[in-house]
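Here the structure is laid out as C-alpha cells; the discussion comes afterwards.
When a residue number appears, it is its place in the shown sequence, counting from 1.
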Amino acid sequence: MSSVNEIVQRALITYHGLTTTTRAAIAISLAVILYRLLFRQEPPKHKELPAWAPIELGIVISLLSGTREGIVYRIYSKLRRYSGSFWGLSSVNQTLIRYEDVDRLFSSKMAHAVSIEWHGYYLFLRFFGLPDTPELKRKVDTMFKPWHSPIERVFNNETHATEALERANIPKMVAEFVTFSQDREQMTRWERVADTKVIIPENMPGQNAALEANLSALIVDFGASVTIPPIFGRDLLDRNPQLEEDLWKFDRVIPFLFINLPEWLPFKVMKEGLEARKRLLDEVEAFSRRVTQFQRGEEVDDGADMSDVSDVFLERNKAFERDGWSYRERAASQLLALLASNANTQPVLFWLILYIYSTPGLADSLRKEVAPFITLSDCPENDNNTKIVTAIDNFHLSRECQLLKSVIFETMRLAFGAVSSCRVKKPITLKDGDHVHQLYPGTFLSVPHGFAQRDPSLYPDPDKFVPDRFLETDPASGKLVARYGKLRPWGAGLSICRGRVFAEKEMMAIAASLVMVWDISPAGGGEWKVPEMVGGPGPSKPKEDVRVEIRRRVFGGASEDGK
C-alpha cells in the first residue's frame, strides 16, 4: 500500500469512529470545498445533474438518520431552500425524503413536466472519458429509446425474460458451482477469485469433501457468469478471463466519476478503476466489431462464434451502425449495459444466499417450497446420494414460490437502496402534505428509496431479517402471496429498472437451485456471522467477506425432498 493510500485508509478508519454530528459537519465542509475547487467550472447551460448533488444526497441521509438534535442538523434545516419533504440547499437540486406522491411524480402523467432522460449524455461522458462534441451529444440524445426499448421488451416481459433465463443454462452452472479441484486450470472462473481450499475428510466414511471459500467473491462472479451469456453470448466472457474482476474495479470508481472528481487523483482505487475501464472498453470494442462482422455476413475475427449473441445486443448494434457510432462509442454504451446488468444484482445475490443459509430453518423451508419445480438427477461423479439439477420450471417457480419471493424482497430491503431521479423541464407545482412547492426548469429531484426501508413505522424491527415479512393473505384466493407494498427496490414510475423481471427470476432460479443441491455452512463450524454492510445508495457490500464450507447435499433420508 502506498503512503497516500495508507493515509486515506487511516483517515477513513478515524472518520467512521466519529460521532454522527461530527461526520456530518466534516461531510458538509468537504462538500463545500469540493464544489469550490472542482465543480464551479461546470457550464450552467448543461442539462446535467450537478456534480455536488450526490454528495448533498449523502449528507441529507446522514443527517436524517441521526437524532436530529445536533447543531449541524439544525443549521442545515434552516439553510435548505424548501420545507417538508424537500431537502436541498439550492433550487438546482432537491433530495426528497418520505415524499408521499413519488409514484405520481415519476409516472407518465408527469412526463410533460419532468424528464428521466437527463442522465443520457453527461454521465456518459463522466463514466467513459469520451470527448464532449456536438455530434456525440446528438447521437446519445437520439439513442435513448433505441438503447432501452430492446432491453425492456425482453428483460421486463414475463415470457421473454423466462426465455432469456433458459439460455443461461442455470442447471449446468449450478452443477459446476464447486468443482473441488485443487488445480487452478480445472477450476471455474468464480472459484479462482474466492481463495478456495479443498477439505478432504479423513476417517469419516460417507462424508463428502468440502470446499472452503470466500462467499461474496464466489457468488458475485458466479452470478455474473450466469447473467452475461444470455445478453452477450459466450464469446465475450470466454475470451476475457479478467472480465468480472475488471468490472468490479470499474464499478468501484464509478462513484468518483459520478461526482466528477478529476481522474488524476492519486488514489489506488481511481488508478485501478481507470485501467480496468480501458481494458473493458478495448474488449467490448473488439466484441462489437465481431458482432458487426457477423451481422454483415463477413468473416468474423478469429473465427469467433457470434450465433448466441442475444437479439437485444444485435438490435442495439444495428441502431449504432445506422446512426454512425464509432466502435469506441458503441463499446461505451454496451459497457454501460454490461455494468447495469451486474453491478446491482450480483451483490444482492450474495446477501440473498447468505441470509438463506444463515437464517435457522429457512433453507429447509425453501427446499420444500421449490422442490416441485426443480428436477433432480443422481450426481454422476459419486455414489454418496448426491444430486444435480437437470431442469427448472422457471414459470411456476416464479408464480408459486411466494416465500422465496418474500425472502428476495426482504433481502433487497436490507441490502439495496434504489434512487429515482428526474429533471424538471417545465414549471410545476407539487403538493407536499401541508406544503406547496413551486419548481422551475433545471431543478433535479432525487428520491433515495432506501431511506424508508429501515423506517420502523413501515417495517417493525427494521434491522432484522424477517423471511416472511412481505407475505400477506390474498383476499380472493386465501393464499399467501408476496407483495412489495411500499418497497421500491427497483425505483419508481418511468425510472424503474428495465431489467427487473429478469433479475428477479434469475435470483429465484439461482437460489432455488443452489439450496436444493448444496449445503453451505460457516468455515470451521460455529455460528453464522452476518458482516456489517457498507455503502450508500445502491447495493451494500460486506465489510469483510464470509468464509464458508460448501458440500454437496446428501439425499436419501426420510426428511429429504427432491425428485
Side-chain angles (χ1 to χ4, degrees), residues 1 168-170 172-199 209-229 231-232 234-254 268-269 271-280 282-284 335 338-339 341-354 357 415 506-507 510-511 513-514 518 520-524 531 533-535 538-551:
M1 179 183 292
N169 199 356
I170 290 177
K172 179 178 183 297
M173 300 287 286
V174 169
E176 298 172 351
F177 180 58
V178 166
T179 63
F180 302 105
S181 177
Q182 300 184 72
D183 181 356
R184 184 173 177 81
E185 293 301 316
Q186 300 300 316
M187 294 179 183
T188 59
R189 58 194 304 142
W190 49 90
E191 284 181 297
R192 292 171 190 166
V193 300
D195 190 20
T196 58
K197 176 185 175 183
V198 179
I199 302 172
L211 186 82
E212 193 174 295
N214 292 331
L215 186 62
S216 176
L218 187 76
I219 290 293
V220 296
D221 273 31
F222 175 77
S225 296
V226 171
T227 301
I228 294 172
I231 306 172
F232 294 85
R234 294 293 321 177
D235 179 73
L236 179 64
L237 202 59
D238 291 345
R239 195 180 292 267
N240 300 290
Q242 196 179 347
L243 187 83
E244 292 102 324
E245 181 182 356
D246 280 341
L247 201 61
W248 310 139
K249 286 181 178 179
F250 179 43
D251 181 50
R252 284 195 287 271
V253 84
I254 285 289
K268 181 180 179 182
V269 65
K271 181 176 183 293
E272 290 185 345
L274 294 177
E275 290 172 349
R277 181 181 71 181
K278 183 183 184 304
R279 287 191 295 270
L280 287 166
D282 290 344
E283 292 159 2
V284 180
L335 178 53
L338 181 64
L339 188 71
S341 59
N342 287 281
N344 292 336
T345 305
Q346 311 319 338
V348 173
L349 180 63
F350 154 71
W351 291 109
L352 174 64
I353 300 303
L354 178 62
Y357 283 96
E506 179 187 44
M507 285 191 286
I510 291 175
S513 301
L514 287 177
W518 295 100
I520 303 178
S521 58
M533 292 181 178
V534 295
S540 295
K541 310 293 175 60
K543 191 172 183 179
E544 64 277 326
D545 213 324
V546 181
R547 196 72 177 164
V548 298
E549 289 181 9
I550 304 171
R551 290 182 172 84

- Donor-acceptor contact below 3.5 Å, side chain Ser341 vs main chain Leu338: yes
- Item | Non-hydrogen atoms of Ala523 and Glu549 that approach each other most closely | CA-CG, 3.7 Å
- Message: With a 3.5 Å distance limit and no angle check, can you tell me whether Arg184 reaches the backbone of Arg192 through a side-chain donor-acceptor pair?
- Response: yes
- Query: Can you name the residues that form a salt bridge (Lys or Arg N to Asp or Glu O under 4.0 Å) with Glu245, not counting sequence neighbours?
  - Reply: Lys249
- Message: Tell me every residue that passes salt bridge (Lys or Arg N to Asp or Glu O under 4.0 Å) with Glu244, counting only those two or more places apart in sequence or in another chain.
- Response: Arg189
- Message: Quick check: closest heavy atoms across Pro542 and Ser216, and the distance to 0.1 Å?
- Response: CG-OG, 3.9 Å
- Item | Least distance between heavy atoms, Pro347 atom then Pro539 atom | CB-CB, 3.8 Å
- Does Lys197 have any side chain to side chain donor-acceptor pair (under 3.5 Å) partners at least two apart in sequence or in another chain, and if so, which? none
- Sorted by chain and residue number, the side-chain contact (heavy atoms from CB on, under 4.5 Å) partners of Val253 (sequence neighbours excluded) come out as Phe250, Phe256, Leu257, Met270
- Message: Which residues pass the side chain to side chain donor-acceptor pair (under 3.5 Å) test with Trp248, not counting sequence neighbours?
- Response: Asp221
- Note on the structure: Across all chains, not counting sequence neighbours, the salt bridge (Lys or Arg N to Asp or Glu O under 4.0 Å) partners of Asp251 are Lys541
- Is there side-chain contact between Leu339 and Leu247, with heavy atoms separated by less than 4.5 Å? yes
- Item | Residues forming a side chain to side chain donor-acceptor pair (under 3.5 Å) with Arg234, sequence neighbours excluded | Asp238
- Query: Sequence neighbours excluded, which residues qualify as side-chain contact (heavy atoms from CB on, under 4.5 Å) partners of Thr345?
  - Reply: Ala503, Glu506, Met507
- Not counting sequence neighbours, which residues clear salt bridge (Lys or Arg N to Asp or Glu O under 4.0 Å) with Arg239? List them please. Asp235, Asp302
- Would you please name every residue forming a side-chain contact (heavy atoms from CB on, under 4.5 Å) with Glu275, sequence neighbours left out? Lys271, Arg279
- Message: In the structure I gave you, are the side-chain heavy atoms of Ile228 and Leu243 within less than 4.5 Å of one another anywhere?
- Response: yes
- Partners meeting side-chain contact (heavy atoms from CB on, under 4.5 Å) with Thr188 (sequence neighbours left out): Glu176, Thr179, Trp190, Glu191
- Query: Should the ring pair Phe177 and Phe222 be called parallel, tilted or perpendicular, given that the plane angle runs from 0 to 90° and is split at 30 and 60?
  - Reply: perpendicular
- Item | Non-neighbouring partners of Gln242 that pass side chain to side chain donor-acceptor pair (under 3.5 Å), sequence neighbours left out | Asp246
- Query: With respect to Asn214, which candidate in Val193, Asp195, Val548, Ile219 satisfies the side chain to side chain contact (heavy atoms under 4.5 Å, CB included) definition?
  - Reply: Asp195
- Taking it one step at a time, do Val348 and Trp351 satisfy side chain to side chain contact (heavy atoms under 4.5 Å, CB included)? CA-CA 5 Å; Val348 173; Trp351 291 109; 5.6 Å; no
